[in-house]
Amino acid sequence: MSDTAILSISGLSKAFGGLLAVNQISFDVHQGEIVGLLGPNGSGKTTLLNMVSGALPPTQGRVRLRGRELTGLPPHQIARAGVSRSFQLVRVLPSLTALENVMVGAVFGPDAVWGAEAEAIARALLERVGLSGRERQRPEAMTYIDQKRIELARALAADPQVLLLDEWLAGLNPTELQTGIALIESLHAEGRSILMVEHVMDAIRSLCDRCVVMNAGAKLAEGTPEQVLSNHDVIAAYLGDENA
Amino acid sequence: MLTTILVASVLLGGAYALMAMGLTLQYGVARIMNLASGETLMGAAFGSFCLFTALQIGPLLSLVLIVPLAFAINWAIYRWLLSPLVRRAKNQGMLEVDSILATFGLLFVIEGAMLAGFGGNYYSYSFLAQPVTLLGHSFGLNRVVAFGVAALVALGLYFGLNRTRYGTAIRAVAVDPVAAGLVAIDVPRAAAFAFALGSALTACGGSLLSMFLTFNASMGVVFTMKALIIVIMGGVGDPRGAVIAAFLLALVETLVAALVDPGLTLAATYLLFVLTLLFRPQGLMGRRA
Amino acid sequence: MIFPMQRREVIAVAASMAALALLAGLPLADDGFWLALAITIASYVAMATAWALFSGPTNYVSLATAAFFGSGAYVVSALAETAPWPVVLVAAAVVGALLALATGLATLRLSGMYFVIFSFGLAELIRQLVTYYQTQFTGSVGRYIFVTISAAEIYWQLLGLCAIGLFAGWAINRSRLGFALRVIGDDETVAAHSGIDTARAKVLLFSISGALIALVGAVMAPRFTYIEPQIAYNPMVSFQVVIMALLGGAKRLWGPLVGVIPFVLLYEWIAGRFPNHTHLLLGLVFLLVVYFVPQGVSGWLEKAWRKLQGKSA
């Protein structure tokens, strides 16, 4: 649509057999913007994210990155084009050290750096997410939030044009949550474009410039967090009609 | 010519279907890819052979002995040999690697035992060898009877899985072991049962095949391969798909043996495998993820 | 992971060169029993190292070693009388790589299970095809191999293949490909979403591994004198290579090396003592390895070594 759109999703649909998991979704993510993807469980958010990152081929519709067609490309090509992601259930690489985990993003990402340069990037990012001094540890021995930090650092190591976060803040305790929000806020401040699936309302209010709400596969609302969270249909989708 | 091939492949497909259903139960429910499946088949064939030649017990009667025995042995194998691997595996991938290795070792143990007992010679025996006429062509009565028994067993399995309480529990474990555990299904027991039942079906197939096939101790691999490919063609964990794919494989094999060369049946099997991998990796009955 | 060569690595390379030179002198000391045993060991070291090159980091268990070994041997039987030896070797490597490429392209885009199954029957499939071809077009199933090559020369060539395998493993470990394979072995989904073309990496490495194993088959072929499909595509080869690599530990470059020597000795003893029960006993040994040495001897040694260092420090 507009010229500043980095990630443009148009008419995206996914059918599993007879079930329409994602139905004709369209929206853009602009440069430097954090867009929240909201919706009750099973509304198709992760499926949508999976289509953007190439984990699932879309049944219909298009995904474009700065006008470049990503639709139907395999995940490694989408990653190299500049889209990085985290996973709903954190996925770290158990037999690699923390440093190596993060290096993966830099080594196989769009810039394909190698050697000392990749190591320097990974070191800087580990420090950025608050894990300096733990480069040689294995993520298996780390706490949940530290594993999430590694995953984030790995995604950032690719220096992506768009970062996809799938419930990155889920499962954190209140203190960790504040740290996590601050970390994402700092990414916002440096101008990263982020599409995040999230349930944590505090995070959505404080981080998102704009939100897209999905229900039963379809787009229900789009707007600022205040707009969508006070939207009649959105409340009905979350809480049932009688509460709306 | 064509009718002969069609009827012959249907008759052969019955035993293949049993073996493939056994394997798909083992992989679908117990999550074990059993590479020693063909050796179970050959073991049962040798069992029937011995009972027939030494004690004049016919293969149909010996089924009553061999099938429960296979069930018991494989229950023990699952309990003592395989469930430790299930417990030690941190994830599905590790269990796959471990179970492949363990059943691969088991393959050599069983094959080695048969080689020690029977050597590398080919064996066969003559049972119900008189011809019967079907659709104007004559076939061995043993093949027809074997098919009939296989069909009965397959029907029994179908009803057992779909119409009984325990069958439903087993299907539940196949769909989601964790959720099945949450609704008070004893998952380890169901897995052991499915594994043992799978081997019992395979053994049944082996006894039936021995009625009309010439076999030796080293033929297991070929049959495992056939069963594995039938399972993949049919869609992993789907007994109906396994039956359809079994007849398809038997048909292609019979065609190749009749029209090209009997030595190329495994090549025909691989051809089907490659076609499946290229065009329908989720199997005939499987849904695309 | 540190990129310029470390002092430790320099020492390891120097020590390997010295060991290789020392081993190369063996035919001068003995050309009977010990040389024959050394040939067996060297051939399995080369194959187990090549096997672990692919299956170690990726966790994709290849059961197809005999298919590559046999095809290498058959290239010799087909070409040895008409082509010079180096050309024969190149042809064997190419055939091995192509066979791996075909297997890889058919299965490695999909989950590991398809690959295992495909590799499981591959040797038997090719055995059938070769038998069919020979009965149809050449009239006889077996073939004599007339190559004038001494046992010592075979041994040296096998040592060369071991060195190539170890060097390839070392070089790959330091490369982007090696790093990619470690990621694939841990989590293929993460690998793909980080920008790794997982299918390409796996196919590439499997082809290298297949070419090396075919080369071992080619070098070993003259030892057979007479070759027929039953001998060349013997499933025991696949089985033994997996066992040895696992026993040594497939995750480390030097693991297979450690596994081969005790296993070959054990095999010789079993085969001599219980000729009718080799299959059975080896199957049992295999199970023992799977159950009791899951990390391999090398993993076990490394643990013991770390403990020892921890105590002395």
Side-chain angles (χ1 to χ4, degrees), chain B residues 27 33 35-36 38-39 81 84-85 88 91 93-94 96-117 119-120 217-219 221-222 224-226 228-229 231-232 236 260-271 273-278 281-282, chain C residues 55 59-61 63 102-103 105-133 135-136 185-188 230 235-236 238-240 242-243 246 274-291 294:
Chain B
Y27 188 57
M33 180 55 87
L35 293 182
E39 276 60 37
L81 221 54
L85 297 180
R88 137 176 141 184
N91 53 47
M94 260 184 80
E96 259 170 20
V97 171
D98 271 356
S99 66
I100 285 164
L101 293 175
T103 56
F104 191 53
L106 201 59
L107 177 172
F108 277 81
V109 172
I110 304 175
E111 191 194 355
M114 290 190 292
L115 278 172
S218 313
M219 275 168 72
V221 175
V222 176
T224 309
M225 212 49 221
K226 287 177 187 172
L228 287 168
I229 287 165
V231 167
I232 287 173
V236 171
V260 191
D261 189 294
L264 288 181
T265 51
L266 190 63
T269 313
Y270 260 89
L271 183 68
F273 187 25
V274 171
L275 290 177
T276 309
L277 289 179
L278 293 181
Q282 76 275 33
Chain C
S55 296
N59 289 326
Y60 279 58
V61 181
L63 305 175
T103 307
L105 289 178
T107 59
L108 286 173
R109 313 169 288 129
L110 305 163
S111 90
M113 202 39 95
Y114 298 99
F115 171 76
V116 174
I117 293 171
F118 199 96
S119 76
F120 180 63
L122 191 62
E124 183 64 21
L125 169 71
I126 296 175
R127 192 184 67 78
Q128 277 195 3
L129 290 176
V130 169
T131 312
Y132 171 75
Y133 176 83
T135 44
Q136 285 291 314
D186 266 4
D187 191 328
E188 249 182 279
Q230 287 286 11
M236 278 309 264
S238 307
F239 178 69
Q240 292 190 52
V242 178
I243 250 198
L246 289 180
F274 309 98
N276 293 325
H277 297 85
T278 5
H279 248 75
L280 178 62
L281 291 172
L282 288 185
L284 289 174
V285 171
F286 187 97
L287 287 177
L288 288 177
V289 171
V290 171
Y291 281 88

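Worth knowing before you read on, the calculation uses all heavy atoms, side chains too, and leaves out hydrogens, waters and symmetry mates. The model shown is predicted, which means the values in this text are computed figures rather than measured ones. Naming: A, B, ... by sequence-line order, numbering from 1 per chain.
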Q) Can C/Leu280 and B/Leu115 be said to form a side-chain contact (heavy atoms from CB on, under 4.5 Å), step by step? A) CA-CA 8 Å; C/Leu280 178 62; B/Leu115 278 172; over 6 Å; no
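Each of B/Phe108, B/Phe104, B/Tyr27 has some count of heavy-atom pairs under 4.5 Å with chain C, and the biggest count is that of B/Phe108. Contact count versus chain C (heavy atoms, under 4.5 Å) is highest, among B/Val97, B/Leu264, B/Thr269, for B/Leu264. By number of non-hydrogen pairs under 4.5 angstrom with chain B, the leading residue of C/Ile117, C/Val290, C/Asn276 is C/Ile117. For chain C, the option among B/Met94, B/Met114, B/Met33 with the highest count of heavy-atom pairs below 4.5 Å is B/Met33. Highest contact tally toward chain B, considering only C/Pro294, C/Pro235, C/Gly112, is held by C/Pro294 [criterion: heavy-atom pairs under 4.5 Å].
Note that CG of B/Leu266 is 9.0 Å distant from CZ of C/Arg127, once rounded to the nearest 0.5 Å. Taking CE of C/Met113 as the reference point, atom CD1 of B/Ile100 lies at 4.0 Å (rounded to 0.5 Å). One finds the OH atom of C/Tyr114 at 12.0 Å from the CD1 atom of B/Ile229 (value rounded to the nearest 0.5 Å). Between atom OG1 of residue B/Thr224 and atom CZ of residue C/Phe120 there is a gap of 4.5 Å, rounded to the nearest 0.5 Å.
B/Val109 has its side chain out of reach of C/His279: every pair of non-hydrogen atoms, C-beta onward, lies at least 4.5 Å apart. Two residues are said to be in side-chain contact when any heavy atoms from C-beta on lie closer than 4.5 Å; C/Tyr291 and B/Leu81 meet this criterion. Proximity of B/Val222 to C/Glu124: side-chain heavy atoms (C-beta onward) are separated by under 4.5 Å at one or more points.
Both the backbone and the side chain of C/Leu125 come within less than 4.5 Å of a heavy atom in chain B. Heavy atoms of C/Ile243 lying under 4.5 Å from chain B are absent altogether. Residue contact with chain C, scored on non-hydrogen atoms closer than 4.5 Å, involves the backbone and the side chain of B/Leu277 alike. Both the backbone and the side chain of B/Leu35 come within contact range of chain C, judged by heavy atoms closer than 4.5 Å. Within the 4.5 angstrom heavy-atom criterion, only side-chain atoms of B/Val274, from C-beta onward, approach chain C. Within the 4.5 angstrom heavy-atom criterion, only side-chain atoms of C/Tyr132, from C-beta onward, approach chain B. Neither the backbone nor the side chain of C/Val285 comes within less than 4.5 Å of any heavy atom of chain B.
Below 30°, between 30° and 60°, or above 60°: for C/Phe118 and B/Tyr270 the angle between ring planes is above 60°, a perpendicular geometry.
Considering all non-hydrogen atoms of both residues, B/Asp261 and C/Gln136 come closest at OD2-NE2, 3.6 Å.
For the side chain to side chain contact (heavy atoms under 4.5 Å, CB included) with B/Leu101, the qualifying choice from C/Val61, C/Leu63, C/Val289 is C/Val61, the only one to do so.
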